[in-house]
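Here the structure comes first, spelled out in structure tokens, and everything after it is commentary.
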Amino acid sequence: MRDKRTPLVVGLDPRWDLLPFPFHQNRSNPTPRAIAEAIAEFSREVIDVIAPLVPAVKPQWAFFEQFGAAGSVALENVITYARQRGLLVIADAKRGDIGSTAEAYAEAFFRLAGSVPLSDALTVNPYLGADSWQPFVAAARERGTGIFLLVKTSNPGGADIQDLKTGDGRVFEIVADQVESAAAQTKGACGYGIVGAVVGATYPRQLAELRARMPSAWILVPGFGAQGGTAQDAAGAFDSQGLGAIINSSRAILFAHRDNKFAAVASANWQSAVEAACRDAIEQLRSETTAGKLV
């Protein structure tokens, strides 16, 4: 973040139906393998554009896994390419299970391929209880990686469970306290631990409250951009130095060629629209949040 002077992370959610026209040319009735190859090519070209601008990418596992074995191959190919371009990789897979199964998931994402794990961080669903995410913490500590626990998600339905009140507070507040405890025990030199939280920009008041409640935890903020969250909505996630939060934008950048705002640059090529949308998001965050203090 300091090197790139931005907390923006680009989510890689390559939807076949939204890819630019060149990827659909000569691919009528494509096989799963052909689609997987196309989304991998698209993702690599996006990475070429954004690598000089942002610190990390966040591939969404489902958009690759839906194409079976070919999708998994495509995903690993994209991850390898992102690393070659100097980007960190946050695996958005929302894994969560118990016992040996949780340990197996942790091994899958944090296994060492040479000296490099598959992902630098992983999103984890903690709503099976503490024993569903503690194996991921243990693996992350061992491998020098990190996790983000879902705390207050950006979707409207998240409130059905997360906002339920108990004698100890709302459910998401209880999870947030667990995140802070684990983060405080693993603090690094930057003042933050290896356990972070996912909190949506679509709930700006709770986002600011949770920043204060979890002073040792990085916050991964979805919902910025296509889901309606603004830079101002995300401002409460940062500390006074512009750290503590990473802000994800996916569709608004990947498919900027479909946005009238970037129509003029998209007429040259879709990659120009991606770059323009990425720079626009970076500037919004610099202008509306303390991320402007990053050096």
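- Side chain to side chain, T80 and E76 fail the donor-acceptor criterion of an N or O pair below 3.5 Å.
- For Q66 (side chain) and F63 (main-chain N/O), a donor-acceptor pair under 3.5 Å exists by modelled atom type.
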Give the table of side-chain donor-acceptor pairs shorter than 3.5 Å for residues 250-257, with sequence neighbours excluded, one pair per line with atom names and distance.
residue, atom, partner, partner atom, Å
S250, OG, N248, ND2, 3.0
H257, NE2, L18, O, 3.4

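- In this structure, the side chain of R286 engages the main chain of R5 through a donor-acceptor pair within 3.5 Å.
- The aromatic rings of F42 and F23 lie perpendicular to each other, with more than 60° between the two planes, well past the 30° mark.
- Side-chain atoms of R143 come within 3.5 Å of backbone N or O of F110 as a donor-acceptor pair.
- Between N269 and S272, the side chains place a donor N or O and an acceptor N or O closer than 3.5 Å (distance only, hydrogens not considered).
- At least one donor-acceptor pair under 3.5 Å links the side chain of T186 to the backbone N or O of I194.
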Pair R15-D17, salt bridge (charged side-chain N to carboxylate O under 4.0 Å, His left out): steps then yes or no: CA-CA 6 Å; R15 287 179 50 179; D17 58 321; 3.0 Å; yes
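- Using a 3.5 Å distance cut-off with no hydrogens or angles, the side chains of D120 and T145 do not pair a donor with an acceptor.
- Applying the side-chain contact (heavy atoms from CB on, under 4.5 Å) test between L207 and each of T202, I219, V151 identifies I219 as the sole match.
- No hydrogens or angles considered: nothing links the side chains of Y203 and D233 as a donor-acceptor pair under 3.5 Å.
- With sequence neighbours left out, the ring pair (Phe, Tyr, Trp, His ring centres under 6.0 Å) criterion links F109 to W61.
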Candidate pair D92 and K58, rule salt bridge (charged side-chain N to carboxylate O under 4.0 Å, His left out), full reasoning: CA-CA 6 Å; D92 192 358; K58 183 175 71 64; 2.7 Å; yes
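- For the 3.5 Å distance criterion, the side chains of T153 and N155 qualify, holding a donor opposite an acceptor.
- Residue I282 holds its CD1 atom at 9.5 Å from CG of D280, rounded to the nearest 0.5 Å.
- Transitive grouping of hydrophobic side chains (ILVMFWY, heavy atoms separated by less than 4.5 Å) brings Y81 and I39 into a common cluster.
- Here the OG atom belonging to S72 is positioned 11.5 Å from the CZ atom belonging to F67, to the nearest 0.5 angstrom.
- The minimum heavy-atom distance linking R170 with D163 is given by the pair CG-O, 3.6 Å.
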